[in-house]
Amino acid sequence: MHDRPKLQPDAVTAPSAANPARERPVIAIDGPAGAGKSTLAAHLARRFGFLNLETGAMYRALALKAIESDTSFDEEEPLLALAESTRIELQPQIEGNRVLVDGSDVSRRIREPDVTSAASRVSVHPRLRAWMVEQQRALGTKGGGVMEGRDIGTKVFPDAEVKIFLDAAPEVRGDRRYRQVIPRQTFASGQPASDPSEDPETAERHRLAQQAMLDEMRERDRRDRERAESPLRPAADAEILDSTAMTLEEVLARAEEIVLTHVPLQ
Ligand code: DC
């Protein structure tokens, strides 16, 4: 028998109107990669005193386990067996989720490109998704969570009190993701961040790296949107928040407004 992902204890305040079994509401945030879901989810969780749950981290954790055990990303049966014998823990923190796989902290490792790509491939399998959805429902059963992913409003919590679908144009998402990654790379190599406009060779290297990241993101988008089981799409009752031309502050303020129009929080 596998363990469920573990969570820290929850506080109880406003009861859920949509589902009396829940003690507090659920806020579902879905959208494509690089739209800013994690930043938004972390902000809303802080603002309203909720737990922030990154469901993508669970797919990433399993993908890492598949990489380490040489399990094919394309075969459902062995992946499901791997999932059932793996202990995945999400520990919500102020800045995001700490992720443990069989007790080891893999929070940084699962953000690396090989795991990112593998997570998108393992997440197409219907029975594996059903297993993940079961775990995620168990995590959110009491409510009081901001749950972020691709299918939260459509599949995991179709009765969530608040559903936000956060989107942005692919070029904008690619650019934001690139800016997140670059300082980490320059820091790791001990080099100061360079200004691409000063050195044509560096500028070209940055342009190619950015293009490669955008291509990879488009490929993941395609897989997420076109898969047969729970493809990425907004729930019929989701509020669409297109952040293409918005600042971060505007997105956060608008999302707070959306939450407050749906649930009686302070
Ligand atoms: O949100 P993320 O980039 O960490 O997600 C990693 C992969 O997991 C992504 O390519 C799609 C998949 N995913 C999913 O299919 N359903 C979710 N609820 C969350 C993530």
Side-chain angles (χ1 to χ4, degrees), residues 1-7 19 21 26-35 37-38 41 53-90 97 99 101-102 106 110-111 113-141 145-160 163-167 216-238:
M1 196 38 205
H2 58 76
D3 289 340
R4 291 192 186 287
K6 291 201 178 66
L7 266 187
N19 182 342
V26 166
I27 300 174
I29 300 182
D30 290 302
K37 299 188 299 292
S38 300
L53 299 164
E54 290 177 42
T55 59
M58 295 172 64
Y59 290 94
R60 287 172 180 271
L62 181 68
L64 174 60
K65 193 81 188 257
I67 290 171
E68 287 176 344
S69 60
D70 225 356
T71 304
S72 164
F73 308 142
D74 302 322
E75 287 174 40
E76 181 163 54
E77 206 57 46
L79 284 171
L80 190 58
L82 195 62
E84 287 173 345
S85 63
T86 301
R87 191 155 46 94
I88 300 172
E89 296 174 57
L90 297 185
N97 282 189
V99 185
V101 170
D102 297 328
V106 295
I110 60 166
R111 306 286 162 200
D114 60 333
V115 181
T116 300
S117 168
S120 156
R121 285 175 62 183
V122 304
S123 66
V124 302
H125 301 296
R127 287 173 57 216
L128 182 72
R129 294 197 68 83
W131 184 88
M132 290 284 182
V133 167
E134 191 192 323
Q135 314 300 310
Q136 291 156 9
R137 285 191 183 138
L139 287 178
T141 185
V146 182
M147 195 171 271
E148 173 231 310
R150 303 290 190 290
D151 59 346
I152 311 305
T154 52
K155 186 82 182 185
V156 182
F157 285 107
D159 63 352
K163 297 181 187 179
I164 297 176
F165 190 88
L166 185 62
D167 208 347
E216 204 272 338
M217 183 176 277
R218 283 187 198 275
E219 174 58 18
R220 281 211 293 148
D221 274 2
R222 190 194 57 73
R223 246 195 311 256
D224 288 349
R225 290 183 205 270
E226 291 181 7
R227 69 178 169 230
E229 179 60 37
S230 312
L232 172 66
R233 61 177 171 76
D237 53 350

Residues Glu134 and Arg137 bridged, charged N to O under 4.0 Å: no
Any donor-acceptor pair under 3.5 Å linking the side chain of Arg225 with the backbone of Leu232? no
Least distance between heavy atoms, Ala66 atom then Leu79 atom: CB-CD2, 3.9 Å
Over all heavy atoms of both residues, which pair between Pro32 and Leu166 is shortest? Give the atoms and the distance, please. CD-O, 3.3 Å
Would you say Arg220 and Glu216 make side-chain contact, with heavy atoms under 4.5 Å? yes
How many angstroms lie between CD in Glu148 and CD1 in Ile164, if you round to the nearest 0.5 Å? 11.5 Å
Could you tell me which non-hydrogen atom of Ala63 sits nearest to which non-hydrogen atom of Val115, and how far apart they are? CB-O, 4.0 Å
Which value, rounded to the nearest 0.5 Å, describes the distance between Met58 atom CE and Ile110 atom CD1? 11.0 Å
Sub-3.5 Å donor-acceptor pair from the side chain of Glu54 to the main-chain atoms of Asn97, do we have one? yes
Spacing of CE belonging to Met147 relative to CD belonging to Gln136, to within rounding of 0.5 Å: 6.0 Å
Judged by atom type as modelled, is there a donor-acceptor pair below 3.5 Å linking the side chain of His125 to the main-chain atoms of Phe73? yes
Residues Glu76 and Arg127: closest non-hydrogen pair is OE2-N, 2.6 Å
Can you tell me how far the OG atom of Ser120 sits from the CZ atom of Arg227, to the nearest 0.5 Å? 8.0 Å
For Ser85 and Leu82, indicate whether the former's side chain and the latter's backbone hold a donor-acceptor pair under 3.5 Å. yes
For Met132, which of Thr55, Asp151, Leu62 qualifies under side-chain contact (heavy atoms from CB on, under 4.5 Å)? Leu62
How far apart are the closest heavy atoms of Gly149 and Lys37, and which atoms are they? O-CE, 3.4 Å
CD1-OH distance between Ile88 and Tyr59, expressed to the nearest 0.5 angstrom: 10.0 Å
Heavy-atom pair with the smallest gap, counting every atom of Lys155 and Ser230: CD-OG, 3.6 Å
So do the side chains of Leu53 and Val146 get within less than 4.5 Å of each other, counting heavy atoms only? no
Between Lys163 and Asp30 (salt bridge meaning N to carboxylate O under 4.0 Å), is one present in this structure? no
Measuring only between side-chain heavy atoms, which start at C-beta, is Ser123 closer than 4.5 Å to Arg129? yes
Do Glu68 and Val101 make a side-chain contact, defined as non-hydrogen atoms from C-beta onward lying under 4.5 Å apart? no
To the closest 0.5 Å, what do you measure between CG (Leu139) and CD (Glu89)? 11.0 Å
Side chains of Thr116 and Arg60: is there a donor and an acceptor less than 3.5 Å apart? yes
Going by the side-chain contact (heavy atoms from CB on, under 4.5 Å) test, name the single residue among Val122, Asp102, Val106 that passes it with Lys65. Asp102
